[in-house]
Amino acid sequence: MAAIAPDLLTIVSGGLTELADIARFRSVCTTWRDAGEEAAATPPLQPPWLVLPSSPSPLFFCPREDRLYPNLRLPVPAAGSHLRRRLYASPHGWTLAIDRTGLAASLLHPFTGAARPLPSLPAYFAETDDLSWDVSPHGVMVSCGEGVLVCALDPLAESWAPIPTMADRNVSSINYAAGDFFVFEEDVCRTTIVDSITMSVTAVIQAPHVELPTEARMVVAGDELFILAKSKWMYIFGDDVDFSKAFCVNHRSPNPAWQNLTSIGERAVFVDSLHGFTVGTAGFRNLESNTIYSVDTKEATRSSNVKYSVKAFNLESRTSKKLACRLNDLEMSQRGGAASWTIPSLAEG
């Protein structure tokens, strides 16, 4: 069989639109890998994927393909440790892996196979399942509820360091965006903004005027922050409504003032217990504008398994629907961690 000309291979790889297809193309042989280098360096923008903490291996769900991928290119852990390893995804491509026994930590990139070791977490992280985190080009920020720890990446710090000004924070989520970490406290709906280089607090955004909810999520959207709140009464309404209140504020304003959020235009919000972020919907045929996508986890009937589903809440109509996909028919064994969104990327910066 005659070999395909490298120039033709480069043209073919340039027409691929899915990261998984680019990865498959480059895995054929060295020649194909070299031909696909440009496609891997500047791949088309990808809609978010869902990372599911299933057992015996994590699953990655691509809504656009309606397809589940096992492991992707995650490094294989030592024998037996895969049962103890918990994964927490970030929108920035990396996944935080923690061994729940020894609290060994590392950054894993499921789309490139890269791994970056981190110092082991302090012993008190074993006392709770709560965890929030995110990663910047300069370091990793993590919390198990009270206080905040950071670890510099370049050069790699020998241990995790506390941020003294954040010692009293009851942290529920951490988001990184455009040079800042956004630390959210769900119980008081307060957001603290921390410079990702100096680790100094640059702003504190107090809660909007609302009865404190039983559930709230914070979303970073450029210069805006969104808070999506569900009051204690929402649970009697069934599954057709997700959020009773939604607010927005310009966090860069010298006098930030919360307003009711009724539209986000040609954008979609992706939110889970770890992060909240927005993506533009232009060019993605199966993403609806002005919509909030969230993950629903329910225990399966008569078993210890769980069932995942994706819910789409339209801000204009204030109604929710379950996304039609193969997840709805599957039961999975959950092994710890939380279902979380990530944006597929081949960049490791």
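This one's a predicted model, so the numbers in the text were calculated from it and none came from an experiment.
The pair R86-D99 does not count as a salt bridge, with every side-chain nitrogen at least 4.0 angstrom from each carboxylate oxygen. Under a 4.0 Å N-O distance rule, the pair R318/E316 does not qualify as a salt bridge. Using a cutoff of 4.0 Å between basic side-chain nitrogens and carboxylate oxygens, R26 and D34 are not scored as salt-bridged.
A donor-acceptor pair under 3.5 Å links the side-chain atoms of R326 to the main chain of D66, judged by distance alone. A donor-acceptor pair under 3.5 Å is formed between the side chain of E185 and the backbone N or O of N170. The closest donor-acceptor contact from the side chain of S13 to the backbone of A35 lies under 3.5 Å. Between the side chain of T31 and the backbone N or O of C29 there is no donor-acceptor pair closer than 3.5 Å. In this structure a side-chain-to-backbone donor-acceptor pair under 3.5 Å is missing from Y124 to E127. Side chain of S253 to backbone of N250: no donor-acceptor contact under 3.5 angstrom is found.
Grouping the Ile, Leu, Val, Met, Phe, Trp and Tyr side chains by contacts below 4.5 angstrom, directly or via other members, places V183 apart from V249. Hydrophobic clustering (ILVMFWY, side-chain heavy atoms < 4.5 Å, transitive): I197 and Y176 are in distinct clusters. Under the 4.5 Å side-chain heavy-atom criterion for Ile, Leu, Val, Met, Phe, Trp and Tyr, V135 and I163 are members of distinct hydrophobic clusters. Hydrophobic clustering (side-chain heavy atoms under 4.5 Å, transitive across Ile, Leu, Val, Met, Phe, Trp, Tyr) groups L96 together with L156. Hydrophobic clustering, with ILVMFWY side chains joined whenever heavy atoms are under 4.5 angstrom apart, keeps M166 apart from I193.
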* Asked: Please walk me through it: do N328 and K322 pass side-chain contact (heavy atoms from CB on, under 4.5 Å)?
  -> CA-CA 9 Å; N328 301 332; K322 183 184 293 187; 3.4 Å; yes
* Should R64 and Q46 be marked as a side-chain contact (heavy atoms from CB on, under 4.5 Å) after you check the CA-CA gap, both sets of side-chain angles, and the distance that decides it? -> CA-CA 9 Å; R64 182 157 71 172; Q46 303 291 311; 3.5 Å; yes
* **Test log, rule side-chain contact (heavy atoms from CB on, under 4.5 Å), inputs V219 and T278** => CA-CA 8 Å; V219 178; T278 61; 4.0 Å; yes
* To do: Start with the C-alpha distance between S173 and S132, add both sets of side-chain angles, then the distance that settles side chain to side chain donor-acceptor pair (under 3.5 Å), and finish with yes or no.
  => CA-CA 5 Å; S173 71; S132 53; over 6 Å; no
* Asked: Should F277 and V269 be marked as a side-chain contact (heavy atoms from CB on, under 4.5 Å) after you check the CA-CA gap, both sets of side-chain angles, and the distance that decides it?
  -> CA-CA 6 Å; F277 58 94; V269 168; over 6 Å; no
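Within the 4.5 Å cutoff, no side-chain heavy atoms of V204 are placed close to those of T191. Side-chain contact check for Y308 versus K298: every heavy-atom pair is 4.5 Å or farther apart. Within the 4.5 Å cutoff, side-chain heavy atoms of S273 are placed close to those of R217. Under the 4.5 Å side-chain criterion, counting only non-hydrogen atoms from C-beta, N290 is not in contact with T281. A heavy-atom distance below 4.5 Å is found between the side chains of R116 and W94. Considering only heavy atoms from C-beta on, L121 comes within 4.5 Å of V142 through its side chain. Looking only at side-chain heavy atoms (C-beta outward), K245 and K230 stay at 4.5 Å or farther from each other. With a 4.5 Å cut-off on side-chain heavy atoms, V140 and V150 do not count as touching.
Side-chain contact, S90 with D134: a donor N or O sits under 3.5 Å from an acceptor N or O.
When every heavy atom of F184 is checked against every heavy atom of I227, the shortest pair comes out as CE1-CD1, 3.8 Å. Looking at every heavy atom in both residues, L274 comes nearest to A89 through CD1-O, 3.9 Å. Taking every heavy atom of both residues into account, L103 and P122 meet most closely at CD1-O, 3.0 Å. Taking every heavy atom of both residues into account, D272 and S340 meet most closely at OD2-CA, 3.3 Å. Across all non-hydrogen atoms, the minimal contact from G147 to V171 is O-CG2, 4.0 Å. When all heavy atoms are compared, the tightest approach of A207 to W258 is C-NE1, 3.8 Å.
For S196, there are no side-chain hydrogen bond (donor to acceptor under 3.5 Å, both in side chains) partners two or more places apart in sequence or in a different chain.
Of the candidates F61, W341, F270, Y69, W49 forms a ring pair (Phe, Tyr, Trp, His ring centres under 6.0 Å) with just one, namely Y69. A side chain to side chain contact (heavy atoms under 4.5 Å, CB included) with L330 is found for one member of L52, V306, L68 and no other, namely L68.
K307 contributes atom NZ, which lies 12.5 Å from atom OG1 of T297 (distance to the nearest 0.5 angstrom). Residue Y88 holds its OH atom at 13.0 Å from CG of L108, rounded to the nearest 0.5 Å. One finds the CD atom of E288 at 4.5 Å from the OH atom of Y293 (value rounded to the nearest 0.5 Å). Taken to the nearest 0.5 Å, the CZ atom of R267 stands 6.0 Å off from the CD1 atom of I264. For the atom pair OG of S172 and CG of L131, the computed distance is 12.0 Å after rounding to the nearest 0.5 Å. Rounding to the nearest 0.5 Å gives a distance of 10.0 Å between CG of L149 and SG of C151.
Under the side-chain hydrogen bond (donor to acceptor under 3.5 Å, both in side chains) criterion, no residue pair touches residues 138-147, with sequence neighbours excluded.
Summarising the local packing, CD of E37 is surrounded by 12 or fewer heavy atoms from other residues, nucleotides or ligands at distances under 6.0 Å.
Between H251 and F182, the two ring planes are perpendicular [angle over 60°; tilted spans 30° to 60°]. Between F60 and F111, the two ring planes are perpendicular [angle over 60°; tilted spans 30° to 60°]. The aromatic rings of H275 and W133 lie perpendicular to each other, with more than 60° between the two planes, well past the 30° mark.
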